[in-house]
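First the structure, in the form of structure tokens, and then the observations on it.
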Amino acid sequence: MTRPARPDDAAPRGAAAAPAPSAASVADRAGDQARLRARMFAELADKSAFRDAATRAFAYVDAIPTRRVFPDADALAGLSAFDAPLPRDGAAPDEILRVLDEAGSPATTAQLGGRYFGFVNGSALPATLAAKWLADVWDQNPALDVISPTLGRIEAVTERWMRELLGLPERTVAGFVSGSSLAIFAGLAAARWRALASAGWDVNRKGLAGAPPLRVIAGRQAHGTVSKAVQLLGLGLDNVEWVETDGQGRIRADLVPALDERSILILQAGNVNSGAFDDFAALCPRARAAGAWTHVDGAFGLWAAATERFAHLTEGARLANSWSVDGHKTLNTPYDCGIALCDDKEALVGALQTDGAYIEYSPARDGMLTTPEMSRRARAVELWAALSSLGRSGVETLVGALHDNARRFAEGLAAAGFETLNDVVFNQVMARCADDAETEAVMRAVQRSGVCWAGGTVWEGRRAIRVSVCSWATTPEDVDRSVAAFAAALDAARRPA
Ligand SMILES: *Cc1c(COP(=O)(O)O)cnc(C)c1O
């Protein structure tokens with residue numbers, strides 16, 4: 001292929017274009033380079049920045065239980081410390097950490113605590129943070145086994161653990177990605193590759209122009225990242241056959257159209273508002289029998305499959321072809337931890353492959369073959385650490401606690417005069433007040449209180465408050481304190497002015 005002309009093509013090329021450096025400037029340059037290296041070596045040898053980071057981090061952790069969940073106005077104003085000009089010369093790590101901690105820490109949201117209920121954002125388990133610190137220092141790139149044998153092994157083991165824990169077929173492979181957004185993208189890319197390959201069409205070479213049309217079938221309440229993946233893959237939102245949902249946001253299985261081998265059916269384990277699960281037992285076998293591909297978006301809900309108590313919610317989901325799930329939600333790993341799972345390795349690798357003369361594949365497993373990215377963070381370390389820290393029984397207990405606290409929250413809100421809107425089957429609670437204005441006012445007052453934080457949504461055309469119980473740290477007392485903040489806000493809203 002010929003390279004398109006670039007703007008600089010006409011410019012003179014080579015060393016002749018630049019003025020010849022004087023001997024003095026060559027010496028200056030070598031001196032600068034030696035000084036920069038010496039400074040970095042000294043920072044690494046001295047280690048005071050690392051100790052300082054640990055000290056500051058420990059102080060942050062210790063303050064979590066007593067601090068505001070959302071920062072106050074002073075803390076937010078303090079963020080102006082970051083609005084500095086790009087420095088001409090570098091600063092020492094201690095100074096960098098001082099600014100980060102003094103301006104940054106007070107304006108963070110207390111995600112690590114038990115009263116943050118926004119956006120299905122979990123906390124991080126202690127072992128995952130500690131393991132991440134160590135792995136950060138390793139600075140490994142899990143693209144290829146030959147780049148990092150350690151990460152190669154950890155990814156392979158974690159892939160097996162995920163398969164076993166979620167009860168997925170033996171042939172299931174995993175890609176360790178940044179989150180469900182990319183895990184959904186990867187699953188649907190595999191679906192697209194397989195459906196077109198079955199029709200004799202190589203989508204990688206031929207693209208979509210002139211390709212046999214594919215069908216995408218999804219519930220009206222599919223997550224926004226499902227739509228994004230449909231957009232990115234050129235499948236076209238206008239081509240999606242949207243299926244009506246029931247009062248809990250589940251796809252109406254009786255309204256799912258007849259499927260065929262060009263169909264990609266997208267189901268949901270955990271509706272982002274209600275936490276409801278689609279009827280996999282009815283739909284997955286139907287899709288299989290029709291030769292269709294099923295993807296399950298299980299960002300936070302697929303962990304139900306890892307438990308005895310909630311496994312009934314995902315019954316039948318193992319008959320899907322691909323699944324997406326996050327470590328950073330229900331499992332409480334640090335952020336940037338999603339998993340794409342696929343029972344069709346050829347399709348996943350086919351869709352995400354890349355090549356280059358310099359790439360050295362291993363006979364075992366190469367991480368980049370099952371992810372859209374090439375270079376990545378060593379994020380499987382945190383997933384491995386979370387599963388090591390909890391074990392099967394700990395996952396069961398953690399998910400159970402999220403559910404029981406969500407139930408307690410819903411009961412508390414109902415008793416305080418809120419209207420609760422969903423069956424609490426997992427960790428999600430929705431509630432509203434008399435009208436949209438009151439709901440909005442109460443939600444903002446709760447957010448301002450600093451006691452807890454919950455966000456809003458629209459449910460059946462009206463404003464609702466959305467509570468996601470997603471942290472290992474949440475206690476029943478945290479729930480009661482938070483419910484009391486909701487009750488006080490409702491009281492204040494209804495008190496005559
Ligand atoms: C959070 C979420 C996503 C997106 O996940 P990210 O990890 O934020 O990319 C997709 N689907 C559902 C149901 C979610 O809850």
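Both counts, for ligands and for their atoms, begin at 1 and track the order of listing. In this text the structure is predicted, and so the values were computed from the model without any measurement. Any value given below was found using the heavy atoms of this structure, including those in side chains, with hydrogens, waters and symmetry copies removed.
A donor atom on one side chain and an acceptor atom on the other are found under 3.5 Å apart for Q140 and S148. Checked by atom type, the side-chain pair T457/N273 shows a donor-acceptor distance below 3.5 Å. A donor-acceptor contact under 3.5 angstrom links the side chains of H295 and S322, judged on distance only. For Q268 and D278, the side-chain atoms include no donor-acceptor pair closer than 3.5 Å.
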Does ligand 1 have any N/O pairs with the protein under 3.5 Å, and how far apart?
from	atom 1	to	atom 2	distance (Å)
ligand 1	5 (O)	D326	OD2	3.4
ligand 1	5 (O)	K329	NZ	3.4
ligand 1	7 (O)	S180	N	2.9
ligand 1	7 (O)	D326	OD1	3.1
ligand 1	7 (O)	D326	OD2	2.7
ligand 1	7 (O)	H328	NE2	2.8
ligand 1	9 (O)	S180	N	3.3
ligand 1	9 (O)	S181	N	2.8
ligand 1	9 (O)	S181	OG	2.6
ligand 1	11 (N)	D297	OD1	3.1
ligand 1	11 (N)	D297	OD2	2.8
ligand 1	15 (O)	K329	NZ	2.9

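Ring planes of W453 and Y116: parallel class, angle under 30° (limits at 30 and 60°).
In terms of heavy atoms, D478 sits closest to A473 at OD2-O, 3.4 Å.
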